[in-house]
There are 8 protein chains.
Amino acid sequence: MAKHGGNVLATRATREYYDAVIAAEPRAVFHETARCITLEQTPAPAGKGTVAVVCAGTSDLPIAEEAAVTSRLMGNTTELIADVGVAGIHRLFAQRNSLQSARVLIVCAGMEGALPTVVGGLVNAPVLAVPTSVGYGASFGGLAALLGMLNTCSPNVCTVNIDNGFGAACIATLINRL
Amino acid sequence: MAKHGGNVLATRATREYYDAVIAAEPRAVFHETARCITLEQTPAPAGKGTVAVVCAGTSDLPIAEEAAVTSRLMGNTTELIADVGVAGIHRLFAQRNSLQSARVLIVCAGMEGALPTVVGGLVNAPVLAVPTSVGYGASFGGLAALLGMLNTCSPNVCTVNIDNGFGAACIATLINRL
Amino acid sequence: MAKHGGNVLATRATREYYDAVIAAEPRAVFHETARCITLEQTPAPAGKGTVAVVCAGTSDLPIAEEAAVTSRLMGNTTELIADVGVAGIHRLFAQRNSLQSARVLIVCAGMEGALPTVVGGLVNAPVLAVPTSVGYGASFGGLAALLGMLNTCSPNVCTVNIDNGFGAACIATLINRL
Amino acid sequence: MAKHGGNVLATRATREYYDAVIAAEPRAVFHETARCITLEQTPAPAGKGTVAVVCAGTSDLPIAEEAAVTSRLMGNTTELIADVGVAGIHRLFAQRNSLQSARVLIVCAGMEGALPTVVGGLVNAPVLAVPTSVGYGASFGGLAALLGMLNTCSPNVCTVNIDNGFGAACIATLINRL
Amino acid sequence: MAKHGGNVLATRATREYYDAVIAAEPRAVFHETARCITLEQTPAPAGKGTVAVVCAGTSDLPIAEEAAVTSRLMGNTTELIADVGVAGIHRLFAQRNSLQSARVLIVCAGMEGALPTVVGGLVNAPVLAVPTSVGYGASFGGLAALLGMLNTCSPNVCTVNIDNGFGAACIATLINRL
Amino acid sequence: MAKHGGNVLATRATREYYDAVIAAEPRAVFHETARCITLEQTPAPAGKGTVAVVCAGTSDLPIAEEAAVTSRLMGNTTELIADVGVAGIHRLFAQRNSLQSARVLIVCAGMEGALPTVVGGLVNAPVLAVPTSVGYGASFGGLAALLGMLNTCSPNVCTVNIDNGFGAACIATLINRL
Amino acid sequence: MAKHGGNVLATRATREYYDAVIAAEPRAVFHETARCITLEQTPAPAGKGTVAVVCAGTSDLPIAEEAAVTSRLMGNTTELIADVGVAGIHRLFAQRNSLQSARVLIVCAGMEGALPTVVGGLVNAPVLAVPTSVGYGASFGGLAALLGMLNTCSPNVCTVNIDNGFGAACIATLINRL
Amino acid sequence: MAKHGGNVLATRATREYYDAVIAAEPRAVFHETARCITLEQTPAPAGKGTVAVVCAGTSDLPIAEEAAVTSRLMGNTTELIADVGVAGIHRLFAQRNSLQSARVLIVCAGMEGALPTVVGGLVNAPVLAVPTSVGYGASFGGLAALLGMLNTCSPNVCTVNIDNGFGAACIATLINRL
C-alpha cells in the first residue's frame, strides 16, 4: 500500500503487528493507545476548522485516540479533550470554550453513553457520537451506550457503530472540508 | 379499603375509575397528571428531610407526579423539579441548591435516561432512578433508559422498574425516615 | 408559540390536530404525508448547498417527507428523491447526478436498511441514515434497518433513531450552514 | 494514590496485581475472595447502624465480599450473611433477627435473582439488590437475575448493575450515614 | 365436538363466545376467571393424588384458574392456593401442609417469577412452573418470569410457555395418573 | 462429602479434577462423556419404571450422558437412546417401542430443538425437554432450542434450563418414584 | 394495474378492500383465507413440476394459502397439504408420497417451527421454510419459529421472513421453472 | 468414512486436523481459506448450470470458499466472485454478466448484509443468502446481517444460518440438478 504514494492507516494494530510493518517500511508510526499504525506520505487537504474529540476518561481513550489519529492524518486540526465525564459535570463546563470553538465534535462514551447528549446541548455544531464497548454487566458490550446515543434528546447528535472511532473521523473530515 | 382507617393509594387510575370511587368515598382525591387516587385518613410519620422528585419535562411528568403524590402521602416534604433535561444543562444548574438540599432524590427520565447520572454527580445523597417508557424507536419501551441508568458512572444511583414511580417513593420514604 | 414570532414545526400531527390549530392560527400549513404542521414567520438562514432526501418508495415517504419539510423550514434548498430502492439499483443510478450534487444527504429506509450504504458509496458527502419502522416479521419495528445502518461498510454514513426524520434534518441543517 | 492520604480501594484485582502493589505500598491488604486491595489511612465517618450483606452461597460470595469490604472501608459496621438461598428458605428464616436489625441491606444473587424480593418481604429497611453473573444457559450473564430484581414485588428493593457490589456499598454508606 | 361424546375444553373464551356455545349446547359451563368453557360428558380417569395449583394473587388468577379447571376436567382432585406471594413468605408458610400433601404442583407467577423456586424448596414433589405475562416495564410480557423459572436453584422445577396453564395441567395429569 | 455416607455426584468435571478426587477417594468413578464423577455408597430408592434419555447424536451426548448418569445414581433403570434426530425420522420410529415403554422421558436437543415435540407426539408419558448449547450462528448458545421447546405443540412437554441434564434427571426421579 | 394486461396480486387484503376493488374491476377474485385478491389476465409460464405447500393446521393456513394462491397465479401446479404437524407425525407420514413427488416445497409453521426440518428429512428437494407469527408467550411474534428454521439440521432447508408466504412462492416459482 | 467409497467433506478443519487426516488418507485435500478437507472418490452427478458464489471481500472469503468447495465437490460448475461489496457498486456492475449467467447464486455477506438484496435485484435466479459473523460492535455476531437478509426487498432471496456456507451449497446443488 505504501508504494502507491498515499497515506496509510491501519486500525486495531498490536505492537507485534507494528514490528512486522516497521521492518518493511521504517517511516511507519505506531500510536500505542490508539492501536493505529500510520504512514503519512502526502498531506491530506486541510480541514477548515477544528475537530474536537471528547471522552470521559482512560477507558474510552483508545477509541478517542483512534478517532484523533485518523482525524489528524486526514488533515484536520484536532483537539483531544479527555476526562470530562457526565458524573462530574464541572470538568466538562471548564472545557466549554474549547467545545464551542470546534467546527465538528466526535464524542466517545461507554457505560451509559450520556456524554454526547450533554455536549450536544452545549454546542451548536454537529456531534458524532461513538459508543464504546467499555463497561460490564448490563452494558452488553456497548449496547447500553449505543441505545443511549440513539435516543438522545439533543437534536444535533448522530451515531456510528460501537468502537468505530475511525468512521466518526471520516465523517468529521467530510464535514470539516465543507 | 377506606374502612380500615389507613391511607389509600390507587395508581394508574383513569377519570372513569375515579368517578366510580368518588361515588362511594367522597373524600377521595384525584391527581390527574399522576393518574392517582388518594385518600388520606391518618397522617403518615413525617420524613426527616426533603424528597426531591426530578424530571426533564412534560412527557415524564406523569411518572414524576406519581412518585411525588406517593411521597407526600407517605409523610415526606416533597419538592417536584420538572423541566431540567440533560440537553440544556444550565436549567439543571439553576436548581443546584434545591437538589443539594434534598435528603434523597427520585430522578425520572425516558429516552437516553442520563438525568440520574448527571444529578448523581451534583449531590451527595442517594439517587433513586426511575426509567420511563417515554420515547420511540430504539427506546424499546424504556429499555434504553433502563440500561443507561444501570450503567451509570455515578456511584450513588440505584434503579427501579420502568415507570415505577410508586416503588421509588416507597424506598425514598424508608430512607427519609432513618 | 406563534406569538413569539419564530417558525413553528409540529411533527406526527393528525388532520384532527391540524383542524384545531388552523382555528387559532390560520397561517398554519398542513403537510399530510409528512404528518407535519408548519408556520413560517421568519425565513431561516439559507443553507449553502442542497440537502437531498432519499427513500425507496411509498412506505418510507412519511419519514422522508418529515425530513424534507423540516429541512425546508430550516432554510435549506431540499430535493426529495423517492422510489430508488436497492433491489432495483438502475433507478438509483439514474439519479446519480442529483445525489452527487447534494452537499449533505438524508437517506431513509426500512426493511433491510441498505439504501444509505449504497448511496454512501456513490457520493463523497456526509450521509445521515434514518431507519424507518416500515417492515414486518423480523424487522422488529425498525431494528433490522437500524442494525444494518450501524454496520454500514460506507465510511461516510452515521445514523439517527428509528423514524427520526426531524433529527436528521436538524443535523443536515447544521452541516449545510458551515 | 496512597500519597494523598485518603483510603484506597481497587476492585477486581488479581494476586499478580497485588504483588505489584505490595512492593510499592506494604500496608496494602489483599482480600482474596473479594478480589479487592484496600489501604486504610484515615478512618471513614462511622455509619449509624449495621449494613447487612446477604447472599445465597459460594458462587455469589466474591461479589458479596466486594460489597462487604467496600462497606467496611467506608466506615460501616458490616455483617455478611452467606448461604441463605431461596430454595431452602428455613436457613433464611434462621437469620431473621440479623436481617431485621440491619439499617440497610445489600442482597446479592445470581441465577433467578429472587433473594432480594424474599428478604425485602422480611424487613422494613431499604434493600439494595445486586444481580450477579453466576449461572449458565438462560441466565445470559446475569440478565435473568437483573430482570427478576427489577420486577420485584417487594416495594423496598432497588437494583444496581450486574456484579456491582462496590456501587451497592457506596449507596448503603450514604443511607447509613443519614 | 360435543357429539363425539368426550369432554370438551375451550380456553381463552370470552362471554360472547360462551353465549354462542350455550345456544348450541346448553350443558356447557363457563368459568369466567379462567376464561374457559367446559363440557364434561365422560368422567376422566381419576388421578391418584391431589394437584395443587398455586399463585400469588389476583393478577395471576386467570392462568391459575385455567390450570385448575383443566386439571379437574382431566380427573384430578385439585386444590387452588392463591395469594401466597414471595414478598410475604409467612402466608406461603401457613400453607405448608397443603403444599406438602400434593402429589404434583402447578405454580403460576408473573413479575419476578420466584414463587416456583420457593415452593420447590418446601416440597419433595415435581413442580410445574407457569410464567404469566403479568407485570409491566422490564417484565417484557412474561420474559422476566420465564427466565427466573428456567434459572431456578430448586432441582424439582420445570417450566412451560408463558400463560400456558392448560399445558401445565396436561403434564400434571400424566404424572398424577402414574 | 464422601464421609457422610450418601451418594456423591459432581457434574461438569474434567479429568484433571477427577485425578485430584481419585487420590482422596479411590472408589470415585469418572464418566468421561458425561463429565461427571460419582461415588455410590448407598443404593438410592428404586424408581418404578424406566427413564428413557433420548438425543440426536454425538454433539448432544455429553448432556444426555449427564442426565443418564444422574438418573442411574438416583435409582432409576435408565435407557439411553442416542442418534435419533428429527431430520431422519425413520431412526426415531425404529425406537418407538423403547420410547413408549418408558415411564418418563428426558429428551435433549440443540440446534432447532424439535426432538422433544416429536417424541412427545409418540408417547403418552411426561417428557422433560433439555435444550443444549450445541449449534452455531443463530442458535445463540441454545436460545433457539430453548424457545423451540417452550413453544412445543405437544402438551406433555416441559422444559429445564439450557444444558441442565442434571435437573431433568432430578425431576424424572421424583416422577418415577410416584 | 389491471390496464397493463399482466396478472395482479394484492396480499393482506380485507373484504372491505376487495369490495372497493370489485367495483372497479369485476374480474378480480377474493381468496378469503389467504387474504389475497388476484386478477389473472395472462397465464404465467407453467412450472415444470408440482409445488407442495405444507402446514400444520388452521392457524398457519392464511400464510400457507397466501403461498398457494401466489404459486398458482405464477403458473405452478400447486398442492396444499394442511394438518400435518410434528406432534402427530403419522399424519405427516401418510402424505409421504405427495411430499416426495413435489419438485419444490414450501413449509409454513408457527410455534416451535419444526415442520420444515422434519419434511426436509423426508424429501430430496429444496424446502422453503416460512415461519409464521402464530403462537403466544415465548413465541415472540414468530421469532421462535424463525430461529428453529435457521438452526435446522436438514441441509435442504432455507428460510424467508416471518409470514412471508408470498416471497416463498416467488422463489419456488423460479426454482420450478428451471 | 473414506472406506465406504463416497466423497468426504469436513468443514471448519484446522491444519492440525488435516495433518492427522493426511496420515491416514493421503488423497485428502486441504482447502486452507475454506477450512475444509475433501476426498473425492466418486464424481457427483453434474449440475446443469453454474453456481455463482459471491462475496464482498477478504473477511467473508472463508465462508464463500466453504460454499464453493462444497459446491464443486457436489458436482457443480462453480464460479467464485469476490470483492464486490455494496459500498462500491460499480465493481458489482462489472460482474453483471457472470451474475446473470448463473443458474443459482450463493451470496455471502457480513456487517449490514445488503449484498444478497442488491444481487437479487440484478438477476432472475434464486439467491441463497449466507450471513457471516464478520463485523464488530452492533453486528452482534452476524445478527445484523441475518436480519438484513430476512428483511430483503428482493423477492428471490432466501436465507440460511449464520456462516452456513455448507448448507447453502447443498440447497444450490439440489436446485442446479433440477
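Below, read A as the first sequence line, B as the second, and so on, with proteins coming before strands; counting in each chain starts at 1. Predicted model, so just to flag it, every value in this text is computed and none were measured.
Annotation: A:Tyr17, atom OH; neighbour count of heavy atoms from other residues, nucleotides and ligands within 6.0 Å does not exceed 12.
Using a 4.5 Å cut-off between non-hydrogen atoms, the part of residues 60-89 of chain A that approaches chain B consists of A:Val86, A:Ala87, A:Ile89. The interface of residues 129-140 of chain A with chain B, defined by heavy-atom distances below 4.5 Å, comprises A:Tyr136, A:Ala138, A:Ser139, A:Phe140. Residues of residues 113-124 of chain B lying under 4.5 angstrom from chain A, judged on non-hydrogen atoms, are B:Ala114, B:Thr117, B:Val118, B:Gly121, B:Leu122 in numerical order.
In this structure, A:Leu143 CG and B:Leu143 CG are separated by 7.5 Å, a value rounded to the nearest 0.5 Å. Here the straight-line distance linking atom CE of A:Met111 with atom CG of B:Leu150 works out to 10.5 Å at 0.5 Å rounding.
Take B:Cys158 and apply the disulfide (SG to SG under 2.5 Å) test, not counting sequence neighbours, and it matches D:Cys158.
Ranking B:Ala145, B:Gly148, B:Cys153, B:Gly110 against chain A, the residue ahead of the rest is B:Cys153, based on heavy-atom pairs under 4.5 Å.
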